[in-house]
Q: 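Quick one: this structure, given as structure tokens, is what I'll be asking you about.
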Amino acid sequence: GPASLWNLVFLTFPQDYYGKTLKKTSDLKSNACLAPSQPIPAFILKALKKIHPEVTAKYYGCGLVVPECLEGCRLLDLGSGSGRDCYMLSQLVGEKGHVTGIDMTEDQLEVARKYVDHHTQEFGYEKPNVDFVQGYIEALKEAGLKENSFDIIISNCVVNLSPDKRKVLSDAYRVLKDGGELYFSDVYSSSKLSDEIKNHKVLWGECLGGALWWEDLVRLAQEVGFSPPRLVTANVVTVDNMELEAVLGDYKFVSATYRLFKIPKISNKGSLVIYNGNITGFEESLEFDSQYTFKVDEVVEVDGEVASILSHSRFAEEFTFQPPGLPAGCSVKKPKVCTNTRTIAPNVS
């Protein structure tokens, strides 16, 4: 039927664009796939420097998507390309962790696989902690990825290249462990896109034609079972190309990073939390999302949604929790924060 023809056109198109048309990053026509949201932390720069130059040269990703608290985690990179991010993350999860990259483009996987042994030696590991799988991000089961097997899934500007975004989200949900997180950056539109824009080949390859209306992300994520998406960062996308601007008209685009968790039902009880400062690279403060930044040893009142996320995910060990209704500072390990003794009433949602 028409649907399968549609899928065929769009599943094969990005492959041509990234495999054949794009020889280097400077061939891109907008900044959609390049937008860096913040300065890159030193420990990540250090990890990137250890990656083989061919892997870096053939990587067409957009910016960097690196969640915090990765040591010992099993991580999946959707649309891993030449493997640059996988090799960077391989250093951050450490020898006890593991990174799997999935990509549909044979050319890219070839580059990634060529350097597995090189990086294992470079990082001083006894055996590789990275592997690469060919497959589609809407078909993780078919690619052999088991359910409940990853702590974190990341993806960078690839969900918009998929014709079936609900399937990407539901497959991600399936392969995540309980408490797991989908942390991804992508391009979103200010309203639903017209067919003219969706079918525009250049806009599609530029990560704009496939952009999801941001409200649809929020709806789809929750239908699939995720906690409500938490916005981490967002940047406006500029299109420095008059022809494309004319086609786009009033549509606005943002490059945004969201974090979605696979956790039990969210409670409406807020909580007082204290960040313990033990996450590598975030010893002073942890910018969890656009709403909450946790400074080390400081008491912060969080809403029920964030309290549920923090206490049911890998972040549970990184915080000291205190139920609402207790005077702040009563059961807290670190006495230097006991200046605040007012009682916090549970917030009712």
Side-chain angles (χ1 to χ4, degrees), residues 41 43 66-75 92-94 96-97 148 150-154 172-173 176-184 218 221-222 224-233 257-349:
F43 74 101
V66 189
E68 325 76 12
C69 196
L70 299 177
E71 275 138 54
C73 286
R74 290 187 63 82
L75 201 141
L92 305 185
V93 300
K96 290 192 170 71
N148 306 321
F150 294 98
D151 298 293
I152 305 165
I153 298 176
I154 62 158
Y173 188 84
L176 277 173
K177 297 176 188 174
D178 288 338
E181 175 181 19
L182 171 60
Y183 182 96
F184 76 114
V218 173
Q222 291 177 260
V224 162
F226 280 109
S227 62
R230 307 284 314 176
L231 179 65
V232 183
T233 57
T257 300
Y258 281 100
R259 53 193 339 161
L260 289 61
F261 288 84
K262 178 178 180 171
I263 57 167
K265 203 168 154 0
I266 283 166
S267 93
N268 61 359
K269 282 195 168 72
S271 180
L272 295 172
V273 303
I274 297 177
Y275 171 49
N276 301 334
N278 295 329
I279 300 176
T280 305
F282 303 91
E283 291 80 5
E284 298 302 313
S285 75
L286 172 68
E287 202 173 311
F288 185 73
D289 60 21
S290 56
Q291 189 182 348
Y292 289 103
T293 294
F294 301 106
K295 292 194 173 70
V296 68
D297 296 347
E298 192 176 273
V299 178
V300 180
E301 185 184 354
V302 295
D303 59 37
E305 189 179 298
V306 173
S308 301
I309 287 171
L310 293 177
S311 58
H312 288 101
S313 65
R314 68 185 187 283
F315 291 100
E317 291 162 25
E318 309 299 334
F319 285 83
T320 304
F321 294 83
Q322 193 176 344
L326 287 174
C330 273
S331 64
V332 166
K333 289 191 292 203
K334 303 190 169 76
K336 64 181 165 181
V337 285
C338 285
T339 47
N340 170 5
T341 53
R342 69 196 173 93
T343 303
I344 305 280
N347 59 2
V348 181
S349 61

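Since this is a predicted model, take the numbers as computed values, not measurements.
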Q: Find the distance between CG (L92) and SG (C69) and round it off to the nearest 0.5 Å.
A: 11.5 Å
Q: Using the side chain to side chain contact (heavy atoms under 4.5 Å, CB included) rule, take N278 and E318 through it: C-alpha gap first, then chi angles, then the decisive distance, then the call.
A: CA-CA 7 Å; N278 295 329; E318 309 299 334; 3.7 Å; yes
Q: Compute the ring centroids of F319 and F294, then answer whether they are less than 6.0 Å apart.
A: yes
Q: Within the structure provided, determine whether Q322 and V299 are in side-chain contact (heavy-atom separation under 4.5 Å).
A: no
Q: Test your reading of the model: is there a side-chain donor-acceptor pair from E298 to the backbone of V296, 3.5 Å cut-off?
A: no
Q: Restricting to non-hydrogen atoms, name the atom on S311 and the atom on A307 that form the minimum distance, rounded to 0.1 Å.
A: OG-O, 2.8 Å
Q: Would you please name every residue forming a ring-ring contact (aromatic ring centres under 6.0 Å, His included) with F184, sequence neighbours left out?
A: none
Q: Measuring from atom CZ of F150 to atom NZ of K177, what distance do you get when rounded to the nearest 0.5 angstrom?
A: 9.0 Å
Q: Quick check: does any side chain N or O of R314 sit under 3.5 Å from a backbone N or O of E68, one acting as donor and the other as acceptor?
A: yes
Q: So, applying ring pair (Phe, Tyr, Trp, His ring centres under 6.0 Å) with F315, which one of Y292, F288, F321 is it?
A: F288
Q: Enter the distance from I279:CD1 to L286:CG here, rounded to the nearest 0.5 Å.
A: 5.0 Å
Q: Calculate, to the nearest 0.5 Å, the distance between atoms CG and CZ belonging to L310 and F261 respectively.
A: 7.5 Å
Q: With sequence neighbours excluded, tell me which residues meet salt bridge (charged side-chain N to carboxylate O under 4.0 Å, His left out) with D289.
A: R230
Q: Can the ring centroids of Y275 and F282 be said to lie less than 6.0 angstrom from one another?
A: no
Q: Kindly indicate whether the side chain of E305, heavy atoms from C-beta on, has any atom under 4.5 Å from the side chain of S227.
A: no
Q: Would you please name every residue forming a salt bridge (charged side-chain N to carboxylate O under 4.0 Å, His left out) with R74, sequence neighbours left out?
A: none
Q: Quiz question: by atom type and distance under 3.5 Å, do the side chains of S313 and E181 form a donor-acceptor pair?
A: no
Q: Give, for atom CG of L75 and atom CG of D151, the distance between the pair rounded to the nearest 0.5 Å.
A: 8.0 Å
Q: Show the nearest heavy-atom pair for residues P67 and I152, with the distance to one decimal.
A: CG-CG2, 3.9 Å
Q: Return the CZ to CG distance between R259 and L231, rounded to the nearest 0.5 Å.
A: 11.0 Å
Q: Spell out, as yes or no, whether a donor-acceptor pair under 3.5 Å connects the side chain of S308 to the backbone of S267.
A: yes
Q: What closest approach, in Å, do P229 and Y258 show between heavy atoms, and which atom pair accounts for it?
A: CB-CD2, 3.6 Å
Q: One pair to check against side chain to side chain contact (heavy atoms under 4.5 Å, CB included): K262 and I153. What are the steps and the verdict?
A: CA-CA 11 Å; K262 178 178 180 171; I153 298 176; over 6 Å; no
Q: Over all heavy atoms of both residues, which pair between N276 and I274 is shortest? Give the atoms and the distance, please.
A: OD1-O, 3.4 Å
